[in-house]
Chemist: 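This is the structure I have questions about; it appears just below.
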Amino acid sequence: MANQVQNTKFDEYLEFPCSFTFKIMGLANVELTEQVLTVLQRIAPGDYAPKVKPSSKGTYESVTLVAIVTSKEHIELIYNEIGALEDVRHVL
């Protein structure tokens with residue numbers, strides 16, 4: 001579980017709507033990518049092509065994907081909902 005994200009300054013640096021890249025790092029298992037996509041489809045529906053990369057020891061994996069976001073609150077919601085998944089350790 002990752003830390004909660006709130007009171008960010010994304011609205012000062014981004015013009016919405018825009019594409020935003022999320023990188024999720026978590027325990028390597030066959031369901032991590034599906035869990036991330038399930039949450040993301042609920043919050044920001046779209047066609048995603050996640051890139052999955054395992055760690056050198058295979059314990060962790062990273063899932064990188066690009067979503068269309070509409071506000072800083074939308075970004076914070078995605079960070080917090082994906083970060084709440086049990087196997088997720090960090091959302092960048």
Side-chain angles (χ1 to χ4, degrees):
M1 216 181 238
N3 294 331
Q4 287 285 309
V5 175
Q6 58 186 359
N7 299 326
T8 62
K9 296 184 178 184
F10 289 117
D11 56 336
E12 295 178 15
Y13 303 106
L14 299 173
E15 195 169 306
F16 297 104
C18 65
S19 298
F20 195 87
T21 301
F22 292 91
K23 186 168 190 171
I24 299 100
M25 291 177 273
L27 296 177
N29 68 43
V30 293
E31 298 176 2
L32 180 64
T33 303
E34 283 302 314
Q35 292 172 354
V36 168
L37 288 175
T38 299
V39 170
L40 197 56
Q41 286 293 348
R42 183 171 39 85
I43 301 169
D47 292 328
Y48 296 105
K51 295 178 184 173
V52 180
K53 183 177 177 184
S55 67
S56 61
K57 293 182 180 178
T59 306
Y60 299 96
E61 65 185 17
S62 67
V63 179
T64 304
L65 47 85
V66 178
I68 302 296
V69 294
T70 57
S71 66
K72 79 169 195 169
E73 291 81 10
H74 195 203
I75 295 172
E76 292 171 356
L77 178 64
I78 292 171
Y79 272 115
N80 291 329
E81 291 287 323
I82 291 176
L85 293 172
E86 186 175 336
D87 291 341
V88 171
R89 295 300 179 254
H90 299 283
V91 182
L92 304 174

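Residues take their numbers from the sequence shown, with the count starting at 1.
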Chemist: To the nearest 0.5 Å, how far apart are CD in Q6 and CD in E76?
Modeler: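 Between Q6 CD and E76 CD, I get 7.5 Å after rounding to 0.5 Å.
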Chemist: Do T33 and E61 have side chains that get closer than 4.5 Å, going by heavy atoms?
Modeler: yes
Chemist: Indicate, with yes or no, if I68 and V36 share a hydrophobic cluster defined by side-chain heavy-atom contacts under 4.5 Å among Ile, Leu, Val, Met, Phe, Trp and Tyr.
Modeler: no
Chemist: Look at the aromatic rings of F10 and Y79 and report parallel, tilted or perpendicular, splitting at 30° and 60°.
Modeler: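 F10 vs Y79 ring planes: parallel.
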Chemist: Apply side-chain contact (heavy atoms from CB on, under 4.5 Å) to the pair I75 and L14, showing each step before the final yes or no.
Modeler: CA-CA 11 Å; I75 295 172; L14 299 173; 3.9 Å; yes
Chemist: Side chains of T8 and Y13: does their closest heavy-atom pair fall under 4.5 Å?
Modeler: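 Result no, sub-4.5 Å side-chain heavy-atom pair not found.
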Chemist: Do V52 and L85 sit in one hydrophobic cluster, given that two such residues count as connected whenever their side-chain heavy atoms are within less than 4.5 Å of each other, even indirectly?
Modeler: yes
Chemist: Tell me, do I82 and I43 make a side-chain contact under 4.5 Å, heavy atoms counted?
Modeler: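 No. Closest side-chain heavy atoms not under 4.5 Å.
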Chemist: Do you know the tightest heavy-atom contact between Q35 and D87?
Modeler: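 Closest approach of Q35 to D87: OE1-OD2, 4.2 Å.
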Chemist: May I ask you to test the P50-L37 pair for a side-chain heavy-atom distance under 4.5 Å?
Modeler: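 Yes, close enough: below the 4.5 Å cut-off.
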Chemist: Looking at NZ of K53 and OG1 of T64, how far apart are the two atoms once the value is rounded to the nearest 0.5 Å?
Modeler: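 If we round to the nearest 0.5 Å, K53:NZ and T64:OG1 are 9.0 Å apart.
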Chemist: My understanding is that only residues two or more places apart in sequence, or in another chain, count here; which of them pass ring pair (Phe, Tyr, Trp, His ring centres under 6.0 Å) with Y60?
Modeler: none
Chemist: Which distance, rounded to the nearest 0.5 Å, do you find between the CG of L40 and the CD1 of I78?
Modeler: 5.5 Å
Chemist: Are L65 and M25 grouped together when hydrophobic residues (ILVMFWY) are joined by side-chain heavy atoms under 4.5 angstrom apart?
Modeler: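 No; M25 is not reachable from L65 via cluster members.
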Chemist: List the steps, then state whether side-chain contact (heavy atoms from CB on, under 4.5 Å) holds for E86 with L27.
Modeler: CA-CA 9 Å; E86 186 175 336; L27 296 177; over 6 Å; no
Chemist: With E81, which residues qualify under salt bridge (charged side-chain N to carboxylate O under 4.0 Å, His left out), at least two apart?
Modeler: R42
